[in-house]
Amino acid sequence: MSLQVAPINGTHIHYCQTGPKDGPALVFSNSLGTDLRIWNDVVAAFSDRFNVITYDKRGHGLSGIGGADYNIDLHANDLIGLLDYLGVKDVIICGLSVGGLIAQKVTELVPARVRGLILCDTAPKLGDADGWNMRINAIREGGIEVLGDAIIERWLSPTYRRERPVETAMYRDMLVRTTVEGYVGTCVALRDGDLRDAATRISVPVLCVCGSDDLATPPDVVREMAGMIPGAEFELINGVGHLPCLETPELLSRLIDRFIKEKNLV
């Protein structure tokens with residue numbers, strides 16, 4: 001497959017578009033320190049009938065860093081710009097961690113273009129300023145490598161790390177090879193981003209999903225978000241960490257598929 005890239009908001013955004021171009025659009029937005037490949041096994045479950053779009057947010061994967069100050073609005077407008085570039089009018093968005101904040105912000109900015117949301121291991125407000133500042137300072141001083149092991153422990157369940165050490169090492173490499181500028185910039189966006197008021201005004205169907213072993217966004221945090229969003233549903237995946245798309249892609253795909261069908265989103 002050839003590389004796909006779009007000029008968006010002063011930088012270049014790497015994306016992958018699979019499935020029928022005239023099918024309903026399903027977008028996946030990934031977490032801090034990962035790239036679009038984390039969705040590969042989930043994409044496979046939908047690409048026969050959906051126009052599936054995955055992408056690397058700025059500063060991650062093969063996308064550019066750009067010159068603008070990072071915030072959630074910028075990330076959201078990058079996704080909106082990508083949809084414009086591809087001629088996609090409306091979408092279902094599945095967002096993981098910061099990707100979930102991006103999905104919520106897109107819904108706030110262009111509500112008519114969002115059919116539904118799947119919010120995985122995320123919240124309208126992630127962490128606190130002190131925690132983000134400590135991470136930002138540590139990475140600026142020593143690079144992402146200094147926090148690599150600690151972050152992986154928050155990402156992946158103990159069982160996964162024990163039983164799949166090769167894959168764990170690969171995803172750690174994905175993390176530490178992220179650009180420092182992109183990682184720190186997105187940390188700043190997360191530190192300053194607060195969508196709690198906007199969450200109460202979301203009017204599209206929403207499914208909130210969380211792994212029971214998630215140390216980054218624990219189940220109670222995600223469950224609280226589901227209580228804030230009118231009509232939102234909550235699903236807990238037992239024995240899974242922060243990245244259910246890696247640990248249990250088949251189960252996550254079934255939850256997404258069932259939600260889309262039950263809510264008549266296509």
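In this structure, R113 places its CZ atom where more than 12 heavy-atom neighbours from other residues, nucleotides or ligands lie under 6.0 Å away. The environment of D173 atom CG is dense: over 12 non-hydrogen atoms of other residues, nucleotides or ligands sit within 6.0 angstrom. For M170, the CE atom sits in a packed shell: over 12 heavy atoms of surrounding residues, nucleotides or ligands are nearer than 6.0 Å.
Comment: K263 engages E233 in a salt bridge, judged by a side-chain N to carboxylate O separation of less than 4.0 angstrom. Electrostatic pairing of E108 and R201 counts as a salt bridge here, judged by a charged N lying under 4.0 Å from a carboxylate O. A salt bridge is absent between K57 and D78; no separation between the charged side-chain nitrogens and carboxylate oxygens falls under 4.0 Å. By the 4.0 Å N-to-carboxylate-O rule, R191 lies too far from D128 to be salt-bridged with it. The pair E145-R177 does not count as a salt bridge, with every side-chain nitrogen at least 4.0 angstrom from each carboxylate oxygen. A salt bridge links D257 to R49: at least one charged side-chain nitrogen sits closer than 4.0 Å to a carboxylate oxygen.
In this structure, SG on C210 lies 11.5 Å from CG on L119, to the nearest 0.5 angstrom. Here the CD-CD1 distance, from E141 to I136, works out to 12.0 Å after rounding to the nearest 0.5 Å. L32 CG to I151 CD1: the interatomic distance, rounded to the nearest 0.5 Å, is 7.0 Å. A distance of 11.0 Å separates CG in N51 from CD1 in I92, rounded to the nearest 0.5 Å. Separation of atoms CH2 (W39) and SG (C16) is listed at 14.0 Å; rounding is to 0.5 Å. In this structure, CG on L82 lies 9.0 Å from CG on D84, to the nearest 0.5 angstrom.
A heavy-atom distance below 4.5 Å is not found between the side chains of F234 and L207. Under the 4.5 Å side-chain criterion, counting only non-hydrogen atoms from C-beta, H12 is not in contact with P7. Here the side chains of F259 and L265 are in contact, with some heavy-atom distance below 4.5 Å. Side-chain atoms of L117 and I202, non-hydrogen and from C-beta on, do get closer than 4.5 Å to each other.
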(request) Decide yes or no on side chain to side chain donor-acceptor pair (under 3.5 Å) for S31 and H242, but give the supporting numbers first. (result) CA-CA 9 Å; S31 57; H242 190 56; 5.4 Å; no
(request) Please step through ring-ring contact (aromatic ring centres under 6.0 Å, His included) for the pair H14 and Y55, ending with a clear verdict. (result) CA-CA 6 Å; H14 171 235; Y55 74 103; 9.9 Å; no
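A donor and an acceptor atom, one from each side chain of H75 and T186, are located under 3.5 Å apart. Side-chain contact, Y183 with R135: a donor N or O sits under 3.5 Å from an acceptor N or O.
For H60 (side chain) and R58 (main-chain N/O), a donor-acceptor pair under 3.5 Å exists by modelled atom type.
Taking the six-membered ring where the residue is Trp, F28 and F46 present tilted rings, their angle falling between 30° and 60°.
Residues that satisfy the side chain to side chain donor-acceptor pair (under 3.5 Å) test with R196, not counting sequence neighbours, are D194.
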